[in-house]
Amino acid sequence: MNAKVYTYFICLVGALGGLLFGYDWVVIGGAKPFYEAYFGIADSASDQGLAMTIALIGCMVGAMTVGWLADRIGRKKLLTISSIIFLVSSLATGAVSTFDTFLIARFFGGMGIGLASGLSPMYIAEVAPADIRGRMVSLNQMMIVLGILAAQIVNWLIAQPMPAGITEEAIAATWNGQMAWRWMFWVPMIPSAVFLIFSFFIPESPRWIKMKEDRAGGTTTQEERSQSVQGGFSALWSHSSILLLGLFIAVFQQWCGTNVIFNYAQEVFQQAGYEIGDVLFNIVITGIANVVFTVIAIRTVDKVGRKPLMMLGAGALCIIYALLGGCYYLHVTGVGVILLVVLAIGCYAMTLGPCTWVLISEIFPDKVRSLGVATCTFALWAGSSTLTYTFPFLNKWLGSYGTFWIYAAVCAMGFMVFALKLKETKGKNLE
């Protein structure tokens, strides 16, 4: 195996965490109408929001600890641990019989997502050469969207057709309400096992090895020793301008609003005039668009650069959401809404989706990268949690049109910040 092929292999294995992250993150959107009927929570906005958000709280816990753990035990071992968490949580989520145990299982699944979301791009950025680093870190985003598409296809194939207007009680008594949602959560046990096996065949990050050797040999600086003792936050804050920019990039990727389409696809499409059976198929269409435009991103991120793509994403989404809100306001339904949704996802997939992970893995110096990436990843999942939890309430109080107009305003703000504050990192060494 030559060096180039081996580099692609270890980056691909590292990106398997992204595959599981994408599947576990989105599978709940297709399972939602069935487990809600099973647990009897379809009429409770608070329970609905909690069921969707609990995994994201787990994500924050995983993201909060990933920097410390990655520095203490290494990137390779932590990849193995995250694969085990994915395997066990998938088994448990499908096996529960009460809403409380469902929440616990989803929380631990979220921890796996939080670990993988920060660890995979960090590991890939540290093992990939500078000239293809953007492409390799974007490979992690490619695996995320493949995981999303896999979850959407699995949900569509597992769920049995149901008549229009079926009640919650009737859904609970069907195979969909009793077993389909369980199998949707059990399927990722297979890629989790593959990830676990392959994690034993990849090397440790050379930058982590050098950092460990420097500390063991007493060659670390006073600042690095202080970082080790104090957890690194003072060292990280010495790069406050970079940290604040990274935090904004991470939170904006979520607050731009695209991810509510994945997590609340049922509501988004039903309010556009579609029944549940059609909704699951429409979700697959959005997943295909997600993959296609992520392929475009992989081919452009090292050519066009990070800043132009981030500005393009924020500006285009502002326009799309304004139009989408107008469709909901004027009660326009049907294929026009589907096209706008697909366009929004495609725009996100080739810009904000992958470029965010590339940027937060690049912008921090070596000595604070793991903590910086972990802090930004924590902020990203905090943003995702607030976005996901608030959508049912915004949708109820403001309607879909008001909610998407708010996201349009957020995107306009993001465009201005990127235009004024974001510097290009294309082709620069991590050091």
> Hey, mind stepping through Leu115 and Phe86 against side chain to side chain contact (heavy atoms under 4.5 Å, CB included) and telling me if it holds?
Replying inline: CA-CA 10 Å; Leu115 289 173; Phe86 276 122; over 6 Å; no
>> Please find the pair of heavy atoms, one from Met122 and one from Ala70, that lie closest to each other, and give the distance.
In response: SD-CB, 4.3 Å
>> Give me the atom names and distance for the closest heavy-atom approach of Ile360 to Val373.
In response: O-CG2, 3.1 Å
> Roughly how far apart are Ser120 OG and Leu16 CG, rounded to 0.5 Å?
Replying inline: 8.0 Å
>> How about CZ on Phe107, more than 12 heavy atoms from neighbouring residues, nucleotides or ligands closer than 6.0 Å, or not?
In response: yes
> Distance-only, no hydrogens or angles: does the Thr300 side chain make a donor-acceptor pair with backbone N or O of Lys303 under 3.5 Å?
Replying inline: no
> Where the side chain of Trp381 meets the backbone of Ile57, is there a donor-acceptor pair that is under 3.5 Å apart?
Replying inline: no
> Does one side chain, of Tyr321 or Thr258, offer a donor that lies under 3.5 Å from an acceptor on the other?
Replying inline: yes
> Between Phe404 and Cys327, is any pair of side-chain heavy atoms under 4.5 Å apart?
Replying inline: no
>> With a 3.5 Å distance limit and no angle check, can you tell me whether Ser44 reaches the backbone of Ile41 through a side-chain donor-acceptor pair?
In response: no
> Are any of the side-chain heavy atoms of Ile288 and Val291 separated by less than 4.5 Å?
Replying inline: no
> In terms of heavy-atom contacts, does CZ of Phe108 have more than 12 from other residues, nucleotides or ligands at under 6.0 Å?
Replying inline: no
> Within the side chain of Lys76, is there an N or O that forms a donor-acceptor pair under 3.5 Å with the backbone of Ser205?
Replying inline: no
> Do other residues, nucleotides or ligands put more than 12 heavy atoms under 6.0 Å from the CZ atom of Phe393?
Replying inline: yes
> Is it the case that Trp255 and Thr386 place a side-chain donor and acceptor less than 3.5 Å from each other?
Replying inline: yes
>> Does Ile190, at its CD1 atom, have more than 12 non-hydrogen atoms belonging to other residues, nucleotides or ligands within less than 6.0 Å?
In response: no
>> For the aromatic rings, using the six-membered ring if either is Trp, is the centroid distance between Tyr35 and Tyr38 under 6.0 Å?
In response: no
> Are Phe252 and Phe418 an aromatic pair by the rule of ring centers under 6.0 Å?
Replying inline: yes
> So does Trp183 have more than 12 non-hydrogen atoms from other groups sitting under 6.0 Å from CH2?
Replying inline: no
>> Restricting to non-hydrogen atoms, name the atom on Ala51 and the atom on Leu103 that form the minimum distance, rounded to 0.1 Å.
In response: CA-CD2, 3.9 Å
> What heavy-atom pair brings Val358 and Arg306 nearest, and what distance separates the two atoms?
Replying inline: CG1-NE, 3.4 Å
> Closest heavy-atom contact between Thr7 and Val127?
Replying inline: CG2-O, 4.4 Å
> If you take all heavy atoms of Thr93 and Trp181, which pair is closest and at what distance?
Replying inline: O-CZ3, 3.7 Å
> Parallel, tilted or perpendicular: which describes the rings of Phe102 and Phe39, with under 30° parallel and over 60° perpendicular?
Replying inline: tilted
